[in-house]
2 protein chains.
Amino acid sequence: MTARPEMQDLEARAEEVSGLLKLLSHKNRLLIACELRDGEASVSALEAAISGAQSNLSRDLARMREEGLVVARRQSKSVYYRLADDRLARVVDALCAAFGPEAKQKKRSRK
Amino acid sequence: MTARPEMQDLEARAEEVSGLLKLLSHKNRLLIACELRDGEASVSALEAAISGAQSNLSRDLARMREEGLVVARRQSKSVYYRLADDRLARVVDALCAAFGPEAKQKKRSRK
DNA sequence: CTTGATATATATCATATATCGTATTTGACA
DNA sequence: TGTCAAATACGATATATGATATATATCAAG
């Protein structure tokens with residue numbers, strides 16, 4: 001019943017995709033994704049950029065790690081995180097494009 | 001500390017954007033958005049396309065309506081919904097592009 | 001090798017928020 | 001009134017959140 005093929009596929013993957021969105025549906029985790037979009041960052045750096053307790057940040061990173069959104073790399077005392085997969089990067093880019101400064105509210109013109 | 005200007009803006013709007021994502025972070029609501037991406041649809045049509053009880057669908061639509069994601073139009077007995085704003089459409093498109101059939105898992109090449 | 005310091009992770013718990021099933025209600029119309 | 005479409009109300013259960021405490025890992029002194 002859905003016209004475009006990508007749509008069907010998205011529906012088939014709705015569970016998976018909604019799971020990803022659930023992880024991004026929290027202010028701090030979204031900010032984590034945004035920060036990492038610019039490249040690798042240590043937990044300390046993220047902690048500086050993002051509000052909230054360190055333990056919560058660590059837990060958010062753990063959840064994102066468990067779901068395969070980010071990967072961690074330890075270097076001496078610090079742990080560096082980066083985005084694990086291009087798809088997340090593309091989603092973040094799309095959000096930036098949609099909600100960025102020049103994204104005018106542009107109400108949908110009824111066809 | 002963030003490089004690109006859209007990024008800063010997304011950070012500023014993290015609360016708002018994460019709220020939008022929260023609405024899409026549920027399988028059925030994501031499917032609603034996907035269906036409506038193809039154009040207006042009645043509640044009955046959505047009910048046929050999406051699993052779950054009618055009351056749940058109606059409640060999901062209500063939430064999306066309250067948050068301004070969709071708008072409703074009544075025509076005799078039926079109520080037709082459509083996406084309220086292009087930004088949501090663009091996000092859905094991006095999800096399709098990222099998770100569609102030709103979206104290969106393409107692991108992020110570490111720079 | 002123990003001690004201390006720094007960075008990160010995990011555990012726990014109270015509270016908030018989300019979800020789902022079921023029942024009831026409202027709106028439009030014949 | 002009866003019926004179909006959609007919305008709302010309610011309550012039980014689940015999941016998320018934030019605060020706080022504790023644990024682990026790595027390194028540097030001493």
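Numbered from 1 within each chain, the chains take letters A, B, ... in sequence-line order. Remember, it's a predicted structure, so these values are computed and weren't measured experimentally. Computed from heavy atoms alone, side chains included, the values below leave out hydrogens, waters and symmetry copies.
- Regarding B:Asn28, its CG atom lies at a distance of 11 Å from the C1' atom of C:dT19, rounded to whole Å.
- Between the CG atom of B:Leu24 and the P atom of C:dT19 there is a distance of 12 Å, rounded to whole Å.
- Atom pair B:Arg73:CZ and C:dA28:C1' shows a separation of 15 Å (rounding to whole Å applied).
- A heavy-atom distance below 4.5 Å is not found between the side chains of B:Arg37 and B:Glu35.
- Distance CD (B:Gln54) to P (C:dT25): 15 Å, rounded to an integer number of Å.
- Here the shortest heavy-atom pairing between A:Ala72 and A:Val79 reads CB-CG1, 3.8 Å.
- The side chain of B:Ser76 lies closest to C:dA28, out of C:dA28, C:dT8, D:dT8.
- Phosphate proximity of C:dA9 to A:Arg74: absent, as no side-chain N or O sits under 4.0 Å from OP1 or OP2.
- Whole-Å rounding puts the A:Met64 CE to D:dA16 C1' distance at 16 Å.
- The side chain of A:Lys22 approaches D:dA16 more closely than any other nucleotide in the set D:dA16, C:dT8, D:dT17.
- Nearest nucleotide to the B:Arg65 side chain, out of D:dT8, C:dA9, D:dA5: D:dT8.
- Residue B:Arg59 places no side-chain N or O under 4.0 Å from the OP1 or OP2 atom of D:dA9.
- Taking only side-chain atoms of B:Asn56, from C-beta outward, the nucleotide of C:dC20, D:dA5, D:dA7 with the closest atom is C:dC20.
- For A:Ser55 and D:dT20, a side-chain-to-base donor-acceptor distance below 3.5 Å is present, hydrogens and geometry of angles not being considered.
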Test side chain to side chain donor-acceptor pair (under 3.5 Å) on B:Tyr80 and B:Arg74 and set out the steps.
CA-CA 6 Å; B:Tyr80 293 84; B:Arg74 174 152 225 151; over 6 Å; no

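- A salt bridge is defined here as a Lys NZ or Arg NE, NH1 or NH2 lying under 4.0 Å from an Asp or Glu carboxylate O, and B:Glu15 with B:Lys22 fails to meet this definition.
- Each of D:dC4, C:dT8, D:dA7 was ranked by its minimum atom distance to the side chain of A:Ser44; first place goes to C:dT8.
- Checking C:dC29, C:dT19, D:dA7 against the side-chain heavy atoms of B:His26 singles out C:dT19 as nearest.
- Between A:Arg63 and A:Gln75, it is A:Arg63 whose nearest contact on DNA chain D lies nearer the 5' terminus.
- The CD-P distance, from B:Glu15 to D:dT17, rounds to 12 Å in whole Å.
- Here the side chains of A:Arg63 and A:Leu23 are in contact, with some heavy-atom distance below 4.5 Å.
- Taking 3.5 Å as the limit, the base of D:dA6 and the side chain of B:Glu47 contain no donor-acceptor pair of atoms between them.
- Remark: B:Ser58 is not in phosphate contact with D:dA6, judged by side-chain N or O atoms under 4.0 Å from OP1 or OP2.
- D:dT17 atom C1' lies 14 Å from atom CG of A:Leu23, rounded to whole Å.
- Among the nucleotides D:dT8, D:dA6, C:dT8, the one closest to any side-chain atom of A:Val79 is C:dT8.
- One finds a side-chain N or O of A:Tyr81 lying less than 4.0 angstrom from the OP1 or OP2 phosphate oxygen of C:dA9.
- We find that B:Arg59 and B:Glu66 are not joined by a salt bridge, their nearest charged nitrogen and carboxylate oxygen being 4.0 Å or further apart.
- Protein atom NZ of B:Lys77 is 7 Å distant from nucleotide atom P of D:dA5, rounded to whole Å.
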